Protein chains: 2
Amino acid sequence: MSGVLNLKNRMPGARREIDLAALDFSNCPVRDMMQQIGGKWSTLLLEVLAAEPRRFGELRRMLPDISQRMLTQTLRDLQRDGYIAREVFPTKPPSVEYSMTELGRSLYQPLSQLLNWAEANHDSVRAARSRFDSVDN
Amino acid sequence: MSGVLNLKNRMPGARREIDLAALDFSNCPVRDMMQQIGGKWSTLLLEVLAAEPRRFGELRRMLPDISQRMLTQTLRDLQRDGYIAREVFPTKPPSVEYSMTELGRSLYQPLSQLLNWAEANHDSVRAARSRFDSVDN
DNA sequence: CTGAATCCATTAGGATACTG
DNA sequence: CAGTATCCTAATGGATTCAG
């Protein structure tokens, strides 16, 4: 499993002789997922929902600085990719509950490891950043 | 390690009683890392450099559709965060080699697990997406 | 060969007002 | 309560040109 081999899988058009017209990266799994996961709110919502199902208003209160526009949109995108499920309860007024799917829990296993790494190594990253900014000015 | 507890760590200002003026998310480790990792080219470059060190021109050829501007910028940002090292060889014309640091290799362990997940489950995500788009119209 | 600088198009995301 | 719709700003990223 060399890097180049993986790269070829993930960028189908990456060869020595490149047919620019034939390049199509819409099928790259890594980009396809990172595009969604890399959003400003996705990981935080997955973390919250990994613990337990939550209603729309609960999520809104737990993420104090999210706009309802981005909450709606991020939840819908996560649902679209199959990571979370949306269930409507016909109460008056209606309530909606969001919860992790099996696919979402499967994703959350490697994802949470990465998030744990971020917490554990945040100081090292910040230190590297300061070092870089001081020498390079 | 409940979700709420983690959330509080990662969003220092997330409480019931919110002092909006005191909110400061610049210190959230998850956002701080995902902001960089979530970029369009970061993960691909880390994958390539995890295999072996590469020169600027090599990277340019291996990622056929990256612009010079984004290659330079992404490499610089990865170096700034301490994930990769940059070494200049005083040849004529000069050559520059990029390689993983220990911190970068440390990051790459959980990261590669996530990327492997993306490859293994790409079909499931695409299927979920089609399902969503067909019912919701 | 390895960039820096400039200009421009696209997108992500926030503020506000309105609805079933 | 759980959203839509509209408008607007900031950030990403590509194309092109210039430089050590």
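In the text below, chain A, chain B and the rest are named by the order of the sequence lines, each starting its count at 1. What you see below is based on every heavy atom in this structure, not just the backbone, and it leaves out hydrogens, waters and symmetry mates. Being a predicted model, the structure only gives us computed values, none of them experimental.
The side chain of B:Arg76 contributes no N or O atom lying less than 4.0 Å from OP1 or OP2 of C:dG3.
Annotation for A:Glu97: atom CD counts as buried by contact number, over 12 foreign heavy atoms lying within 6.0 Å. A:Gln35 CD: 12 or fewer foreign heavy atoms inside a 6.0 Å radius.
In this structure, NZ of B:Lys92 is placed 12 Å from C1' of D:dG20, rounded to the nearest angstrom. A:Tyr98 places its OH atom 11 Å from the C1' atom of D:dC1, with the value rounded to the nearest Å. Nucleotide C:dC1 holds its C1' atom 14 Å from the CG atom of B:Leu75, rounded to whole Å. In this entry the distance linking CG of B:Leu59 with C1' of C:dT2 reads 12 Å, nearest Å. Rounded to whole Å, atom C1' of D:dG13 lies 15 Å from atom CG of B:Leu44. The nearest whole Å value for the distance from the CD atom in A:Gln73 to the P atom in D:dT6 is 15 Å. When the C1' atom of C:dG3 is taken as reference, atom CE of B:Met70 falls 15 Å away, rounded to whole Å. Remark: C1' of C:dG14 and CG of A:Leu71 are 14 Å apart, rounded to the nearest angstrom.
Comparing B:Phe56 and A:Gly39 by the nucleotide of DNA chain C that holds the closest heavy atom to each, the one mapping nearer the 5' end is B:Phe56. Each of A:Pro93 and A:Gln68 has a nearest nucleotide on DNA chain C; the 5'-most of these lies closest to A:Gln68.
Residue B:Glu97 is out of contact with every strand shown, counting any heavy-atom pair closer than 4.0 Å. A:Lys40 comes within 4.0 angstrom of sugar-phosphate atoms only, judged by non-hydrogen atoms across all strands, and of no base. Counting any heavy atom pair closer than 4.0 Å across all strands shown, B:Arg60 reaches no nucleic acid atom.
A distance of 9.5 Å separates CG of B:Asp81 from CZ of A:Phe132, quoted to the nearest 0.5 Å.
In the hydrophobic cluster analysis, where Ile, Leu, Val, Met, Phe, Trp and Tyr join through side-chain heavy atoms closer than 4.5 angstrom, A:Tyr98 is grouped apart from A:Phe89.
At a cut-off of 3.5 angstrom, counting only N and O atoms as typed in the model, there is no donor on one side facing an acceptor on the other between the side-chain of B:Arg86 and the base of C:dT2.
Among the nucleotides D:dA5, C:dT6, C:dA4, the one closest to any side-chain atom of B:Arg69 is C:dT6. Side-chain proximity of A:Trp41 to the nucleotides D:dG14, C:dG14, D:dT4 is greatest for C:dG14.
Under the side-chain contact (heavy atoms from CB on, under 4.5 Å) test applied with B:Leu45, the options B:Leu71, B:Ile84, B:Asp77 reduce to a single match, B:Leu71.
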